[in-house]
Number of protein chains: 2
Amino acid sequence: MKNRLKVLRAERDWTQADLADKLEVSRQTINAIEKGKYDPSLPLAFKVARLFEMPIEAIFEDETEVEVS
Amino acid sequence: MKNRLKVLRAERDWTQADLADKLEVSRQTINAIEKGKYDPSLPLAFKVARLFEMPIEAIFEDETEVEVS
DNA sequence: CTACGATGTAAAGTAAGCTTGACTTAAAGT
DNA sequence: ACTTTAAGTCAAGCTTACTTTACATCGTAG
């Protein structure tokens, strides 16, 4: 799952620690999500969307393959 | 996290097992999500949204409390 | 050169998401 | 009565999300 966290952060001049604070998670969690180590939980994704005031789909991009049938 | 899965399913006359098959998860997972036992992962939420062709926010409703500051 | 802030990464632990298998209950059909 | 189907639930086990602590790297400012 790709995401635009790094860019959205840069636009606001926030560090990973800043964002982590605002979302109430650890700095390592932000780092891991940005680096694609894992995806956020749905509740965290909602929190991110609310913080940046945009839909989840505008921040996270699904890459799940479509069934070949 | 509330969700409209049961209604969306009913509109299409799908059983929990039907939906589970389409989403490639177990029937128990659908049941647990519908009953609010836990939230789906973000990838699964995307899959649900894609299946029903609507934004995640139109299916799942966040209830996380807003910070009192 | 040293110090500092931001980022990256790792290990170990807990919690949440999901699986399979099994069993129960209720509704509906025969 | 018996069978079938949908829904609900539980237990054990695995994987993923997240935590804390700790340390390494890099750029920049003094």
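Just so it is clear: chains get the letters A, B, ... in the order the sequence lines come, proteins before strands, and each one is counted from 1.
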CG of A:D18 versus C1' of C:dG5: gap in Å, rounded?
11 Å

Hey, can you pull the residues of residues 4-15 of chain A with a non-hydrogen atom under 4.0 angstrom from DNA chain C?
A:R9, A:T15

Taking atom CD of B:E53 as the centre, does the number of heavy atoms from other residues, nucleotides or ligands within less than 6.0 Å exceed 12?
no

Spacing of B:I59 atom CD1 and B:M54 atom CE [to the nearest 0.5 Å]:
5.5 Å

Please list, chain by chain and in numerical order, all residues satisfying salt bridge (Lys or Arg N to Asp or Glu O under 4.0 Å) with A:R9, sequence neighbours excluded.
A:E34

Length of the line joining B:K35:NZ and C:dG17:C1', which is rounded to integer Å
19 Å

As a check of understanding: the bend across the helix from C:dC1-D:dG30 to C:dT30-D:dA1, end axes from five pairs, rounded to 10 degrees, works out to 20°

Could you tell me from which nucleotide to which nucleotide of DNA chain D, 5' to 3', there is an atom under 4.0 Å from chain B heavy atoms?
D:dA6 to D:dC10

Which residues in residues 37-46 of chain B have at least one heavy atom lying under 4.0 Å from any atom of DNA chain C?
B:Y38, B:D39, B:P40, B:S41, B:L44

To the nearest angstrom, the CD-P distance between B:Q16 and C:dC18 comes to 15 Å

Would you give the length of the straight line joining atom CG of B:N31 to atom CD of B:Q16, rounded to the nearest 0.5 angstrom?
4.5 Å

Residue set satisfying side-chain hydrogen bond (donor to acceptor under 3.5 Å, both in side chains) with A:D18, at least two apart, ordered chain then number -> A:T15

Can you name the salt bridge (Lys or Arg N to Asp or Glu O under 4.0 Å) partners of B:D39, sequence neighbours left out?
none

Residues two or more places apart in sequence or in another chain: which of them pass side-chain hydrogen bond (donor to acceptor under 3.5 Å, both in side chains) with B:T29?
B:S26

Would you list the atom pairs, donor with acceptor, under 3.5 Å between side chains in residues 1-8 of chain B and any protein atom, with sequence neighbours excluded?
from : atom 1 : to    : atom 2 : distance (Å)
B:N3 : OD1    : B:L5  : N      : 3.0
B:N3 : ND2    : B:I33 : O      : 3.1
B:R4 : NE     : B:A58 : O      : 3.3

Whichever of B:E34 and A:I30 has the more 5' nearest nucleotide on DNA chain D, that residue is B:E34

The contact string for nucleotides 22-30 of chain C, one letter per nucleotide 5' to 3', using protein heavy atoms under 4.0 Å with B, S and - for base, sugar-phosphate only and none, comes out as B--------

Euclidean distance, atom CG of residue A:L19 to atom P of C:dT7 [Å, nearest integer]:
10 Å

Pairs in or reaching into residues 23-52 of chain B: which pass ring-ring contact (aromatic ring centres under 6.0 Å, His included), with residues at least two apart or in two chains?
B:W14-B:F52

Atom CD1 of B:I30 and atom NZ of B:K35: how far apart are they, to the nearest 0.5 Å?
14.0 Å

Show the nearest heavy-atom pair for residues A:A49 and A:I56, with the distance to one decimal.
CB-CG1, 3.7 Å

Find out whether B:K47 and B:K22 are in side-chain contact, i.e. whether some heavy atom of one side chain is under 4.5 Å from a heavy atom of the other.
no

Evaluate the side-chain proximity of A:L44 to B:L42: yes if any heavy-atom separation is below 4.5 Å, no if none is.
no

